[in-house]
Amino acid sequence: MGCKPEPVTHRSLARSGGEPRRNGKPWKTSSQEPFSARGSWSTEQSLRRRGNPVPCLSAGLLEESAGPVPLISFNEALQHFQTADLSECRKKIRATVRRRGLAALVHFLFGPPRLQQQLQGERDLALAIAQCGLDNNETVHMRILQTVYKKLTRSTLSCPRYGAHWEELGFQGADPGTDLRGTGMLGLMQMLYFVMDSQTLPLAHKIFKLSQHETQSFPFCLMSVNITRIVIQALREERLSRECNHRQQVIVVLNDVYVAAFLRLYGVWKAQRKTVADSDFLLKELESFTKKKPKQLLKSLETYMNRSLATLADGIQHPFPPSGNVGSVASSHASKEINFTGVCDLQVELEGEARLV
């Protein structure tokens, strides 16, 4: 299995040569000015808003397809990573942010609790997956990619590994693997969770629809990868340790925080009529809120899901899990060995803090 992610920096982005493009044209803001290259790697990529209608996603997608690809559940994909050889990816893990001097003392005295020892293996698996690059030779990787495409577009057809159809989902180009350098397969796994959980899929569709809006459009998958980056950073800074310790789970918490953060971004974006020109500020605000108030973020998700379930057309009420299990999908044996390794960008550490660039 390929573990070849590389840090995404200003230099490597320049070498790769690509701004985010849609149908061969760069995303544009209303002022036609690029975004400032600060903070998250998505804004370094100068995200731009497209101004043209979205072409049909299903046209001509099977020309390079090797045939039907079955959907894959989050649990099945997770079990694959639990049993796969991730030894090279694990070597790159830096589970927590390095703090020195006064910063270390203040964190020890007043910071959040440490993750309990019995959960550190699951944390490290998460971080290892984030170090694992998209591998064309791994059937599970390809099934995850196809499942995300099919569930977002509601298509029953498979699509080629490369092509402009990925740009329509909100990747920056014809190869989704390029955008996953910053979060590895964890970025794709969280998309998979979003679209394969029956409770969160309607929300995913709403956000994807907004991303295709004539004036409020944004690259859905790039935004998703940024949110995964925020979640991983929050985990490494131990901002999610209290919730993980409380639930005695890590991956479930990561997924719930991811969905909750996406929900918050969606609510602000839609209500305040934001555009891609606002994404730099909004992502910084979202990162700050996620780190400072993860419990409030999760409570908002629970409230939203309860309201959504209460308005089901068929009138059937499905009890929403208590706050300790919002969106739980991990199988009983999966929760033992889950180490979602940190994002490639998180390898670069400066004194007192971890930085992405």
Side-chain angles (χ1 to χ4, degrees), residues 19-20 22 26-54 152 167-172 179 187 190-191 194-195 199-231 233-234 239 256-311 326-327 356:
E19 288 181 334
R22 180 179 287 278
W27 290 67
K28 298 289 184 182
T29 62
S30 56
S31 63
Q32 303 297 300
E33 291 295 327
F35 279 50
S36 61
R38 301 173 317 195
S40 66
W41 67 268
S42 68
T43 53
E44 292 168 14
Q45 291 276 350
S46 301
L47 296 179
R48 302 169 187 266
R49 175 176 63 79
R50 61 99 169 91
N52 299 320
V54 179
L152 279 178
E167 297 177 42
E168 300 307 325
L169 260 64
F171 287 106
Q172 70 167 339
D179 297 328
Q190 293 209 301
M191 290 185 216
F194 203 10
V195 301
Q199 293 182 343
T200 61
L201 177 59
L203 176 60
H205 281 153
K206 287 181 181 180
I207 299 175
F208 183 62
K209 181 179 180 180
L210 180 62
S211 77
Q212 305 291 329
H213 191 273
E214 183 177 358
T215 59
Q216 290 187 266
S217 61
F218 58 87
F220 178 92
C221 291
L222 276 178
M223 197 67 78
S224 174
V225 169
N226 269 275
I227 293 173
T228 296
R229 175 193 61 80
I230 289 171
V231 171
Q233 188 71 351
R239 307 300 185 103
D256 287 345
V257 172
Y258 161 85
V259 175
F262 223 148
L263 172 62
R264 178 177 174 84
L265 183 71
Y266 166 72
V268 173
W269 198 284
K270 185 175 182 180
Q272 299 182 17
R273 298 184 178 275
K274 300 297 185 181
T275 68
V276 175
D278 303 303
S279 64
D280 184 67
F281 170 79
L282 289 179
L283 285 169
K284 290 181 191 310
E285 187 277 336
L286 184 64
E287 181 167 5
S288 176
F289 191 91
T290 301
K291 291 177 180 180
K292 292 179 180 178
K293 301 180 179 180
K295 187 174 182 178
Q296 183 176 332
L297 197 66
L298 290 169
K299 185 63 178 177
S300 297
L301 173 63
E302 182 179 357
T303 300
Y304 173 87
M305 296 301 295
N306 277 326
R307 289 175 179 171
S308 298
L309 291 170
T311 58
V326 178
L356 294 176

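Here the structure is a predicted model, which is why all the values come from computation and not from measurement. Every heavy atom of this structure was used, including side-chain atoms; hydrogens, water molecules and symmetry mates were not.
The two atoms that bring L286 and R264 nearest to each other are CD1-CD, 3.9 Å, heavy atoms only. In terms of heavy atoms, A204 sits closest to V195 at CB-CG1, 4.3 Å. Among all heavy-atom pairs drawn from H205 and L152, the shortest one is CD2-O, 3.8 Å. In plain terms, the two heavy atoms of K270 and L210 that are nearest each other are CB-CD2, 4.0 Å. T215 and T275 make their closest contact through O-CG2, 3.5 Å (heavy atoms, listed as atom of the first residue, atom of the second, distance). In plain terms, the two heavy atoms of A234 and K291 that are nearest each other are CB-CG, 4.1 Å.
To the nearest 0.5 Å, atom NZ of residue K206 and atom CG of residue L263 are 9.5 Å apart. Taken from CZ in F208 to CZ in F194, the straight-line distance is 12.0 Å, to the nearest 0.5 Å. Note that the CD1 atom of I227 and the CG atom of L222 stand 11.5 Å from one another [nearest 0.5 Å]. Summarising the geometry, atom CD belonging to E302 is positioned 12.5 Å from atom CG belonging to L297; distances are rounded to the nearest 0.5 Å. From R239, atom CZ reaches atom CD1 of I230 across 12.5 Å, with rounding to the nearest 0.5 Å. Expressed to the nearest 0.5 Å, how far NE2 of H213 lies from CZ of R273 amounts to 7.0 Å.
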List the steps, then state whether side chain to side chain contact (heavy atoms under 4.5 Å, CB included) holds for W269 with M223.
CA-CA 12 Å; W269 198 284; M223 197 67 78; 3.8 Å; yes

Checking K274 against L265 for the side chain to side chain contact (heavy atoms under 4.5 Å, CB included) test, could you report, in this order, the C-alpha distance in whole Å, the side-chain angles of both residues, the deciding distance, and whether it holds?
CA-CA 10 Å; K274 300 297 185 181; L265 183 71; over 6 Å; no

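Counting only heavy atoms from C-beta outward, the side chains of P219 and V276 approach each other to under 4.5 Å.
The backbone N or O of F220 sits nowhere less than 3.5 Å from a side-chain atom of S224 that would complete a donor-acceptor pair. Under a 3.5 Å cut-off, the side chain of N306 and the backbone N or O of T303 do not form any donor-acceptor pair.
In this structure, F218 has its ring center at least 6.0 angstrom away from the ring center of Y266.
Here the options are K292, R229, K293, the test is salt bridge (charged side-chain N to carboxylate O under 4.0 Å, His left out), and the partner is E287; only R229 passes.
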